[in-house]
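Start at 1 and go down the list; that is how both ligands and their atoms are numbered.
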Amino acid sequence: MTAQHLALQLPSPLVELDDERLTDAGVRVLLKRDDLIHPELTGNKWRKLKYNLEAARECGARTLLTFGGAYSNHIRAVAAAGHYFGFGTVGVIRGEEHRPLNETLAYATRKGMRLTYLDRTTYREKAEPWVIARLRGRFGDFYLIPEGGSNRLAIPGCAELVDEITEPFEVICCPVGTGGTLAGIASALRAGQRAVGFSVLKGSDFLYHDVAALQSEALGEVTDNWIIETEFHHGGYAKTSDELEAFIAEFEELHELRLDSIYTGKMVYGLFRLIERDEFPSGTTMVAVITG
Ligand SMILES: *Cc1c(COP(=O)(O)O)cnc(C)c1O
């Protein structure tokens with residue numbers, strides 16, 4: 001199977017939001033619909049995997065191994081990618097096994113992924129050589145993809161999203177979990193363009209370091225055209241608030257698009273708050289990446 005056979009919808013659609021709040025502020029927001037790329041290999045997960053799958057194939061790997069929480073979109077995407085591209089897959093899940101499996105893990109299993117669990121303490125050390133060695137002992141040789149899929153090869157994949165945008169813009173926004181998407185997007189911007197990431201985690205100042213480290217590993221430099229907004233986490237990862245839920249419901253009614261409350265809802269909510277506060281001069285065109 002190749003990417004062509006999968007009928008990926010690339011370039012992903014770019015659609016302008018028609019919303020009074022934007023007209024009043026004199027700004028434009030274009031949605032980059034990466035959620036429509038593929039029903040299973042959605043959004044930024046596909047972009048981050050693309051060059052990792054090529055590298056895995058080139059080095060002759062037969063198995064992909066990766067890490068994630070029990071509700072991880074990345075685990076789903078790796079399971080699907082393995083199924084479609086002919087790799088075995090192993091998902092190393094944080095915490096204990098719960099039966100019956102939740103929808104994410106049941107899906108991953110249906111796609112052929114073998115699951116194993118690490119207690120939270122060991123999970124924190126998952127990048128350490130002793131943990132990897134133990135996993136190799138158990139599962140044999142594998143191509144390792146880090147949690148969230150954010151590594152050096154994720155950067156060029158996410159950069160391609162920027163090259164697909166055919167309209168002029170000044171600002172591009174995305175949610176930030178591990179930071180690979182933001183690092184890749186910022187790497188592809190031209191002079192006069194900047195990226196704003198909206199962290200979905202509480203206490204996420206470390207993300208500045210992570211995004212910079214990813215850029216420097218992939219590009220040999222850190223670009224100075226991105227920032228991370230850290231105040232729109234609504235309590236932290238996978239937490240929500242009445243305000244966020246109300247915003248998502250209203251947005252769905254106006255635009256017939258259901259944002260998720262973990263990632264894209266927090267970004268669009270944050271973006272609208274910043275627009276309300278007149279953080280962007282009238283005439284600004286922004287792209288908001290619907291990452292999944
Ligand atoms: C995983 C995910 C993100 C986070 O992307 P990072 O590159 O880890 O920052 C954002 N949006 C959606 C929909 C996701 O599934």
Does H74 reach ligand 1, in the sense of a heavy atom lying below 4.0 Å from it?
no

State the atoms of ligand 1, each with its element, that fall below the 4.0 Å cut-off from a heavy-atom position in N73.
14 (C), 15 (O)

Not counting sequence neighbours, list each pair that qualifies as a side chain to side chain donor-acceptor pair (under 3.5 Å) and has a residue in residues 189-199.
S199-S204

With clusters defined by side-chain heavy atoms of hydrophobic residues (ILVMFWY) lying less than 4.5 Å apart, directly or transitively, does F85 cluster with L8?
yes

Quick check on contacts: which atoms of ligand 1 are under 4.0 angstrom from a heavy atom of K48?
5 (O), 6 (P), 7 (O), 8 (O)

Proximity flag G148 to ligand 1, non-hydrogen atoms under 4.0 Å:
no

Salt bridge (Lys or Arg N to Asp or Glu O under 4.0 Å) partner of R21, the single match among D19, D18, D24
D19

At a 4.0 Å threshold, what atoms of ligand 1 neighbour a non-hydrogen atom of V176?
9 (O)

Tell me whether M267 reaches ligand 1 (any heavy atom closer than 4.0 angstrom to a ligand atom).
no

Side-chain donor-acceptor contact under 3.5 Å, Y123 with E147
yes

Return the CZ to CG distance between F67 and L118, rounded to the nearest 0.5 Å.
7.0 Å

Sub-4.0 Å atoms of ligand 1 with respect to non-hydrogen atoms of T181
5 (O), 6 (P), 7 (O)

State whether the shortest distance between N or O atoms of T264 and N or O atoms of ligand 1 falls below 3.5 angstrom.
no

For G292, the ligand 1 atoms whose distance to one of its heavy atoms is below 4.0 Å:
13 (C)

Say whether G179 and ligand 1 are in contact under the criterion: heavy-atom distance to a ligand atom below 4.0 Å.
yes

I'd like to know if the side chain of E245 pairs up with that of T240 as donor and acceptor (distance under 3.5 Å, no hydrogens or angles considered).
yes

